[in-house]
Every structure is written in structure tokens, then in C-alpha cells.
K.L.:
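Have a look at the structure that comes next, please.
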Amino acid sequence: MTPMIRLWLMKSEPGVFSIDDLARADNRTGGWDGVRNYQARNFLKAMRKGDRAFFYHSSVQPPAVVGTVEVVREAYPDPTQFDKKSAAYDPAASQDNPRWFQVDVRLLAKFKNPVGLEAIKSSPELRDMPLLRHSRLSVQPVTPRQWKRIEQMAGH
DNA sequence: GCCAACGTTGGC
DNA sequence: GCCAACGTTGGC
């Protein structure tokens with residue numbers, strides 16, 4: 001039986017963690033920590049090894065999909081929730097009862113031609129992306145059709 | 001820096 | 001359980 005590969009989009013502010021940071025990491029792999037939204041967390045927990053995701057840069061000009069990553073480790077407790085020095089510290093979380101999770105991702109490709117938010121808005125095939133409707137959802141599903149369209153726009 | 005959208009908190 | 005107040009995200 002062939003496991004279904006799911007497709008996602010994950011947002012990050014490049015000033016905090018950028019696609020180039022991931023490119024420089026050991027094995028081009030890093031933990032996607034700091035997610036503190038329940039709906040986004042539930043999507044993180046639904047991710048399976050081998051799933052792919054777009055890496056989206058938010059809060060920069062221009063906001064854009066800048067590449068693709070692959071899930072290499074499924075959800076496990078995000079250690080920053082226990083770290084009092086972290087901005088993502090959550091006093092309500094405990095080791096016994098973690099509230100927040102992260103996955104590890106490996107960089108697959110950095111787009112030569114990032115796909116800007118403006119271009120996404122102008123493409124009729126992409127009008128239903130949660131990105132355009134729920135701007136605050138930092139981890140969200142992508143349909144195969146949307147995936148193909150964005151890769152096409154990126155020249156990949 | 002502003003502010004719309006929307007998620008979270010807490011008083012009742 | 002409602003909802004006002006508050007906080008955060010993220011485009012502009």
C-alpha cells in the first residue's frame with residue numbers, strides 16, 4: 001500500500017528562521033518550532049514522514065513561497081514550550097502534558113523564482129488557498145492542484 | 001507604524 | 001456560555 005503524501009504550506013518570518021537558515025543547517029534539516037496556534041498544531045500532528053510543504057516567508061516584502069521541504073520526523077513535543085527563556089515559553093505546558101509540537105523538515109528546493117503573494121492572489125487556481133482567507137494560520141494544507149500550480153509559477 | 005482579522009482570556 | 005477586552009499576525 002502506498003502511503004498518501006500530503007501537501008502543506010508553512011510560514012516563517014525570515015528574520016526568525018529563513019529558508020537560507022535551513023539551507024545552512026546540518027543535513028539541511030531543522031525543527032519547525034514555535035507554533036502556538038491550535039489549528040496549526042493539529043495540522044503539524046497530522047503530518048507524516050515524506051509529506052511535502054511549501055516554505056513561505058511572511059512579514060517581509062514581498063511575502064512569498066520560497067521553496068519546498070520534506071517532513072523527516074513526525075510531531076514531537078516542542079522543547080521551547082518548557083524553556084522559560086524562550087519567547088515561546090508556555091507556563092501551562094508540562095513535560096507530562098505537552099501542549100505544543102514540532103516536526104523536523106529537510107530542505108528540498110529553494111526556488112530561483114519565489115512565488116509572491118501578489119502572484120498567488122492573481123491566479124484563479126489559487127483563490128481558495130487558506131493563505132488568502134485565514135492570514136493567521138501558520139501551517140495549512142495545500143491541494144495537489146495548488147501545489148502543481150505554484151511549482152509551475154516558480155519554474156519548477 | 002497602522003490596522004483588520006481573528007484567536008484567546010476572563011468576568012459575569 | 002456569552003461577549004468585551006485584549007493580544008497577535010501579517011499585509012500594506
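Every chain is numbered from 1 and lettered A, B, ... according to where its sequence line falls, protein lines coming before strand lines.
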K.L.:
With sequence neighbours excluded, what pairs up with A:Ser18 under the side-chain hydrogen bond (donor to acceptor under 3.5 Å, both in side chains) test?
P.N.:
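Testing A:Ser18 for side-chain hydrogen bond (donor to acceptor under 3.5 Å, both in side chains), a comparison that skips the adjacent residues, returns A:Asp21.
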K.L.:
Which word best sums up how the rings of A:Phe17 and A:Phe55 line up, parallel for under 30°, tilted for 30 to 60°, or perpendicular for over 60°?
P.N.:
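A:Phe17 vs A:Phe55 ring planes: parallel.
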K.L.:
Do NZ/NE/NH1/NH2 and the carboxylate oxygens of A:Glu70 and A:Arg106 come within less than 4.0 Å?
P.N.:
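Result for this pair is yes, salt bridge flagged.
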K.L.:
Would you call A:Glu74-A:Lys49 a salt bridge at under 4.0 Å N-O?
P.N.:
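Salt bridge absent between A:Glu74 and A:Lys49.
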K.L.:
What I want to find out is whether A:Arg99 reaches A:Asp78 closely enough, with some N-O distance under 4.0 Å, to be called a salt bridge.
P.N.:
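A:Asp78 and A:Arg99: not salt-bridged.
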K.L.:
Indicate for each nucleotide in nucleotides 3-12 of chain C, in 5' to 3' sequence, whether protein heavy atoms under 4.0 Å reach the base (B), only the sugar-phosphate (S), or nothing (-).
P.N.:
----BBSBSS
